2 protein chains.
Amino acid sequence: MVNSRKQFKRESPDQRQDDLIAATLRLIASGGPEAATVRNIAMEAGVTPGLIRHYFSTKEDLIGAAYERHMTTMRYATYSTREGALPGAVARLAALVTASLTAPVTDPRAMALWAGFIQSVQRDAAMHAIHEKTYFQFRDQLQMFISDAFIELGQPKDQADLRKFAIACNAVLDGLWLEGSALPDTFETGELPAIGLASIGAILGMKLEG
Amino acid sequence: MVNSRKQFKRESPDQRQDDLIAATLRLIASGGPEAATVRNIAMEAGVTPGLIRHYFSTKEDLIGAAYERHMTTMRYATYSTREGALPGAVARLAALVTASLTAPVTDPRAMALWAGFIQSVQRDAAMHAIHEKTYFQFRDQLQMFISDAFIELGQPKDQADLRKFAIACNAVLDGLWLEGSALPDTFETGELPAIGLASIGAILGMKLEG
DNA sequence: TATGAAATTATACAAGCGTATAATAAGAAT
DNA sequence: ATTCTTATTATACGCTTGTATAATTTCATA
């Protein structure tokens, strides 16, 4: 009788954790949270189910790690868009708005992921903490962009005003992102970025288009 | 041996369906979609599990019905706020914005419900259709409010402009609603309605506060 | 009061879930 | 080469899930 045990290659812990997280994200994106079973994740990552428990003490841990990874990736995809390569602060803000409202940020699969996670934010303390952290990271960075734009225009604002502007602009981005991701076929190409630029421009009292 | 079979009272089909939907909503709101099992729903509604299959051919059907019910309820809570009792179109629009961004619309439990549902919009054709329908119902009604406000101010707009305004204002409401529901403790009382009024006022170029 | 439709309960089943634990293999260190 | 750590596989367990089906009970109608 031949040895039928599965052959495997030892990977570094970091690499294996990455693989498992990536497999989890792929499954949730395509099939929702209920598709991300321990067995499915293992199969998707090309390992056997038991290995998951070797890296994550519970399935919830893995889900939480995947959520944080996803949010960080989206934030990076938004803010890294030609950062620094643009002439001025206002132009950088406009680029940020556009990047937030076009692929790959605005994307049905990304939204499926996000929605799968956000539902547990209320219930699970760990997920709540991760959400709060990533939300403030994003909003604070947006607030800095806004502040820089005002300074560039010679109209510096105080912190209280900046906070309100950041909340409002973040809401516009979230809302449009949501609409565009949930019903992508009901908007023309470029319609959402155009509306975003016009709306945020109106809120801040500065011209962002062109 | 006494008869140990559970005693029950016959209810009208409509009433029983209502009860099952209400029980489903309560469970999803407090424990997420995974808490809404057939057995839990039945227990919450005070019936036995088999009855659910008598009214809904599959569990997905029940979930879909619950989603539609929830969205309709929220829409009603938003638009019925002193509707008609207010002096003018601009004031009605302002009241709508405020109602959208205060309890019971902006509420962690409502968001948990919504998030639980929205995740399946991509995957499930029936849920997608329900979402599209309720989304357009809401946005079209918002667009009418906006149109009336412009007319009242003597600045009527054409359909293309109104569409963009409705998309933008809906995004502001969605985004602020999301922020306020997901992290209710990070905003002061009345802060979100104030930001909503200021932002939508700026987008439309009209004064909504006061 | 008897009849019958259908609302409701009761029970069963196969599949899938997360988790625990022991056996094995790989690869680095000696 | 050998040893040893640990990454990885294999297997099993108890529980929950959604669904199917048959047995009952209720209540309106005749």
Side-chain angles (χ1 to χ4, degrees), chain A residues 1-24 27-28 30-66 116 120 123-124 126-127, chain B residues 1-24 27-28 30-67 116 119-120 123-124 126-127:
Chain A
M1 178 131 176
V2 295
N3 188 351
S4 62
R5 198 169 242 254
K6 182 192 177 195
Q7 276 181 313
F8 62 92
K9 179 160 165 277
R10 263 171 121 100
E11 296 284 356
S12 77
D14 283 356
Q15 178 63 43
R16 264 289 132 79
Q17 252 170 319
D18 271 20
D19 289 351
L20 291 172
I21 289 174
T24 304
L27 286 172
I28 296 182
S30 66
E34 70 268 25
T37 67
V38 170
R39 286 164 180 81
N40 278 350
I41 294 168
M43 181 177 303
E44 176 79 20
V47 298
T48 52
L51 187 58
I52 289 177
R53 291 253 318 151
H54 188 258
Y55 286 106
F56 300 93
S57 66
T58 175
K59 190 197 162 191
E60 291 291 309
D61 277 12
L62 171 52
I63 299 289
S120 56
R123 209 159 41 267
D124 185 320
M127 294 290 269
Chain B
M1 178 126 173
V2 295
N3 188 350
S4 62
R5 199 169 240 251
K6 183 193 177 196
Q7 274 182 313
F8 61 92
K9 179 161 164 276
R10 261 170 121 101
E11 296 284 358
S12 77
D14 282 357
Q15 178 63 44
R16 263 291 132 79
Q17 250 169 318
D18 271 19
D19 289 350
L20 291 172
I21 288 175
T24 304
L27 285 172
I28 297 183
S30 66
E34 71 267 25
T37 67
V38 171
R39 285 164 179 81
N40 278 352
I41 295 169
M43 181 176 303
E44 177 78 19
V47 298
T48 52
L51 187 58
I52 289 177
R53 291 253 315 152
H54 188 258
Y55 286 106
F56 301 92
S57 66
T58 174
K59 189 196 162 190
E60 291 291 309
D61 277 12
L62 172 52
I63 300 290
Y67 178 51
Q119 69 170 82
S120 56
R123 206 156 48 266
D124 186 321
M127 294 291 272

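Lettering follows sequence order; numbering is per chain, from 1. Quick caveat, the model's predicted, so the values are computed rather than measured.
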The side chain to side chain contact (heavy atoms under 4.5 Å, CB included) partner of B:Ile52 among B:Thr24, B:Thr58, B:Leu20 is B:Leu20
Under 4.0 Å, heavy atoms only, any strand: does A:Thr37 hit a base, just the sugar-phosphate, or nothing? sugar-phosphate
Just checking A:Arg16: base, sugar-phosphate only, or nothing, at a heavy-atom cut-off of under 4.0 Å? sugar-phosphate
Nearest-neighbour nucleotide for the [X] side chain, [options] considered:
X: A:Val38; options: D:dT9, D:dT25, C:dG18; value: C:dG18
X: B:Lys59; options: D:dA10, D:dG18, D:dA23; value: D:dG18
X: A:Arg39; options: D:dA12, D:dC27, D:dT8; value: D:dA12
X: A:Thr58; options: C:dT19, C:dA10, D:dT25; value: C:dT19

Length of the line joining [X]:[atom1] and [N]:[atom2], which is rounded to integer Å:
X: A:Asn40; N: C:dG18; atom1: CG; atom2: C1'; answer: 13 Å
X: A:Lys9; N: D:dT9; atom1: NZ; atom2: P; answer: 13 Å
X: A:Gln7; N: D:dA7; atom1: CD; atom2: P; answer: 20 Å
X: B:Phe8; N: D:dT26; atom1: CZ; atom2: P; answer: 5 Å
X: B:Leu51; N: D:dA23; atom1: CG; atom2: C1'; answer: 15 Å
X: A:Lys6; N: C:dA26; atom1: NZ; atom2: P; answer: 12 Å
X: A:Ile52; N: C:dT21; atom1: CD1; atom2: C1'; answer: 17 Å
X: B:Phe56; N: D:dG18; atom1: CZ; atom2: C1'; answer: 16 Å

Side-chain contact test, heavy atoms from C-beta onward, threshold under 4.5 Å: evaluate it for B:Lys59 versus B:Ile63 and give yes or no. yes
Is a donor-acceptor contact shorter than 3.5 angstrom present between the side chain of A:Arg10 and the base of D:dT8?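 For A:Arg10, whose side chain was compared with the base of D:dT8, there is no donor-acceptor pair (under 3.5 Å).
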So does B:Ala35 get a backbone contact from the side chain of B:Asn40, meaning a donor-acceptor N/O pair under 3.5 Å?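 Between the backbone of B:Ala35 and the side chain of B:Asn40 there is a qualifying donor-acceptor contact (under 3.5 Å).
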Quick one: pull up OH in B:Tyr67 and CD1 in B:Ile28 and give me the separation to the nearest 0.5 Å. 11.5 Å
If we count only N and O atoms by modelled type, under 3.5 Å, do the side chains of B:Ser57 and B:Asp61 hold a donor and an acceptor together? yes
Nearest-nucleotide 5' precedence on DNA chain C, A:Arg53 against A:Glu34: A:Glu34
Phosphate-side-chain proximity, A:His54 and D:dA7, N/O vs OP1/OP2 below 4.0 Å: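 Yes, such a contact exists.
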